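Below is one structure, written out as structure tokens; comments come after it.
These figures come from a predicted structure and were not determined experimentally. Below, each value reflects all heavy atoms present in this structure, side chains not excepted, and no hydrogens, waters or symmetry copies.
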Amino acid sequence: MSETATAAGFESTDLELYRRELTGYCYRMLGSAFEADDAVQETMLRAWRGADGFEGRASLRSWLYRIATNVCLDALRGEKRRALPMDLGPSSPPVESLLRPWPSEDCWVTPIPDAMVVPQQGDPAEIAALRDSVRLAFVTALQHLPPRQRAALILCEVLKLPATEAAGVLDSSVASVNSALQRARATLAELPDYQRPVAVDPENVGLLSRYVDAFQRYDMTELFAIIREDAVMTMPPFELWIRGNADITTWMVQPGPSHCAGSLLVPARANGVLAWGQYNPDPEHGGFAPWALQVHEVTGDKFSRMTWFLDVERLFPLFGLQDRIFDDR
């Protein structure tokens, strides 16, 4: 069926064609994989219930984005923005006593599997751009924007909708969309450590292999060498965050984090990059138990942002990772 099918013509299967890109849109808006999935479900439900109101004056895609935008704006009404620890306070020295959870558990940006937002096939340049647009750094930066500015920026600069079409999605004027874009760009430009999405370089297989080998051996000398001097490390839901390769590697050998020695890393795809499910030795029950989902980013030839997400009860099933590993190493 054509994209401008009338209400009498579209089926639920036609709506499903847009699920992945709508999930990516809602994720950038909401900063949570779980909330994005809920928002897309609500979008599909509203679209199906409101099929009689679709008259084909706009494309089915634009109509769905309009519904998804309203769902996201409803969800964001009155809510605090999601963030990562470096957005909420200064960095900390690598001292275990400072490791304490933030009072609100649902304030963090959460990772999302590539499979939910990136198509398996397509134009390599377009897929690379999509991967960059769900990087943790970019999604976290978007949360600094008011919801309507956020929507305008995503629609025009990520999804490349013309201002006239974005205005229709936002039920606004072209002048209002352009004004929102200008304000959004100005806000993002003032953020510390903000980097706009750029074309993805081929993944540095050698660097990633070095990291896996060094981390599983817990070799601090090698890890120090492949982490940038100005890198940042976070561990949601804890508010502590650390800057610099010296402090990061010092932190790794503190009494609490040092139990990561001897861990296993299992590859996964998250937020446009290669990530790892980390399993720590479990002397009590045997084998290796889930401990964190590692989602790191590389700048140049070293690691620049290192994030350990500790909500393994929810995240490991989302990423299809096992709940325990038995290994004969």
Query raised in the report: What about Y279 and F316, are their ring centers closer than 6.0 Å?
Result: yes

Query raised in the report: Distance-only, no hydrogens or angles: does the S304 side chain make a donor-acceptor pair with backbone N or O of E297 under 3.5 Å?
Result: yes

Query raised in the report: Is the backbone N or O of D230 less than 3.5 Å from a side-chain atom of R243, with the two atoms forming a donor-acceptor pair by type?
Result: yes

**Report entry** Heavy-atom closest contact (A152 atom, L181 atom, distance)
**Finding:** O-CD2, 3.6 Å

Report task. State plainly whether the residues R314 and D37 are in salt-bridge range, i.e. N to O under 4.0 Å. Result -> no

Requested in this report: May I ask you to decide if G287's main-chain N or O and D282's side chain share a donor-acceptor pair within less than 3.5 Å?
Outcome: no

Report task. Would you confirm whether S133, through its side chain, and L130, through its main-chain N or O, come within 3.5 Å as a donor-acceptor pair? Result -> yes

Report task. Check M220 against T249 and note the closest heavy-atom contact, atom names and distance. Result -> SD-O, 3.6 Å

Query raised in the report: Does the side chain of L315 reach to within under 4.5 Å of the side chain of F34, using non-hydrogen atoms?
Result: yes

Query raised in the report: Is it true that L208 and Y211 fall in one hydrophobic cluster, defined by side-chain heavy atoms closer than 4.5 Å?
Result: yes

Report task. Determine, stepwise, if the pair Y25 / T69 fulfils side-chain contact (heavy atoms from CB on, under 4.5 Å). Result -> CA-CA 9 Å; Y25 175 63; T69 298; 2.6 Å; yes

Query raised in the report: Of the non-hydrogen atoms in I112 and A33, which two are nearest, and what is the gap between them?
Result: CG1-CB, 3.7 Å

Requested in this report: Find out whether M252 and I242 are in side-chain contact, i.e. whether some heavy atom of one side chain is under 4.5 Å from a heavy atom of the other.
Outcome: no

**Report entry** Same apolar cluster (I L V M F W Y, side chains within < 4.5 Å links), L161/V174
**Finding:** no

Query raised in the report: For the residue pair E35 and S32, what are the closest heavy atoms and their distance?
Result: N-OG, 3.1 Å

Query raised in the report: In a check of side-chain contact (heavy atoms from CB on, under 4.5 Å) between P119 and each of E21, E126, R20, which one passes?
Result: R20

Report task. Measure the spacing between NE2 of H144 and CG of L188 and express it to the nearest 0.5 Å. Result -> 8.5 Å

Report task. Treat each ILVMFWY residue as a node, draw an edge where side-chain heavy atoms are under 4.5 Å apart, and state whether Y65 and L17 are in one component. Result -> yes

Query raised in the report: Checking S179 side chain against A175 main chain: does a donor-acceptor pair fall under 3.5 Å?
Result: no

Report summary line: The residue among T110, L142, L30 that forms side-chain contact (heavy atoms from CB on, under 4.5 Å) with R82 is T110

Query raised in the report: Is the shortest heavy-atom distance from the side chain of Q294 to the side chain of M306 under 4.5 Å?
Result: no

Query raised in the report: Among side-chain atoms of S263 and Y218, is any donor-acceptor pair under 3.5 angstrom?
Result: no

Query raised in the report: What heavy-atom pair brings V295 and A275 nearest, and what distance separates the two atoms?
Result: CG2-CB, 4.1 Å

Query raised in the report: Checking K160 side chain against E157 main chain: does a donor-acceptor pair fall under 3.5 Å?
Result: yes

Query raised in the report: How many angstroms lie between atom OG of S92 and atom CG of D247, to the nearest 0.5 angstrom?
Result: 10.0 Å

Query raised in the report: Is there a side-chain contact between R228 and N245, using heavy atoms and a 4.5 Å cut-off?
Result: no

Report summary line: Between the CH2 atom in W241 and the CG atom in D87, the distance rounded to the nearest 0.5 Å is 9.0 Å

Requested in this report: Answer yes or no: is there a side-chain heavy-atom contact under 4.5 Å between V232 and S91?
Outcome: no

Report summary line: All heavy atoms of T43 vs all of L64, minimum pair found to be CG2-O, 3.8 Å

Query raised in the report: Quick one: does R324's side chain have a donor or acceptor within less than 3.5 Å of a partner on G286's backbone?
Result: yes

Query - Distance (rounded to the nearest 0.5 Å) between C260 SG and F215 CZ - result: 5.0 Å

Requested in this report: Classify the ring geometry between W276 and F303 as parallel (under 30°), tilted (30 to 60°) or perpendicular (over 60°).
Outcome: tilted

Report task. Decide whether R183 and T187 meet the rule of one side-chain donor and one side-chain acceptor closer than 3.5 Å. Result -> no

Report task. Mind checking the CD-CG spacing from E239 to L84? Nearest 0.5 Å is all I need. Result -> 13.5 Å

Requested in this report: Report yes if some heavy atom in the side chain of W108 is under 4.5 Å from a heavy atom in the side chain of D311; otherwise report no.
Outcome: no

**Report entry** Linked, directly or transitively: L73 and L153 (ILVMFWY side chains, under 4.5 Å)
**Finding:** yes

Report task. For the pair N280 (side chain) and A289 (backbone), establish whether a donor and an acceptor sit closer than 3.5 Å, ignoring hydrogens and angles. Result -> no

Query raised in the report: Measuring from I248:CD1 to L223:CG, what's the distance to the nearest 0.5 Å?
Result: 10.0 Å

Query raised in the report: Between R210 and D213, is the closest basic N to carboxylate O distance under 4.0 Å?
Result: no

Report task. Indicate, with yes or no, if L22 and L45 share a hydrophobic cluster defined by side-chain heavy-atom contacts under 4.5 Å among Ile, Leu, Val, Met, Phe, Trp and Tyr. Result -> no

Query raised in the report: Is it true that R217 and E222 make a salt bridge, defined as a side-chain N closer than 4.0 Å to a carboxylate O?
Result: no

**Report entry** Q41 atom CD, over 12 foreign heavy atoms within 6.0 Å
**Finding:** yes

Query raised in the report: Taking C-beta and beyond as the side chain, do V273 and H296 meet within less than 4.5 Å on heavy atoms?
Result: no

Query raised in the report: Are C156 and V177 close enough that some pair of their side-chain heavy atoms sits under 4.5 Å apart?
Result: yes

Query raised in the report: When Q278 is tested against each of V312, L265, L310 for side-chain contact (heavy atoms from CB on, under 4.5 Å), which residue passes?
Result: L265

Requested in this report: Can you spot which of Q143, R148, Q149 makes a side-chain contact (heavy atoms from CB on, under 4.5 Å) with L145?
Outcome: Q149

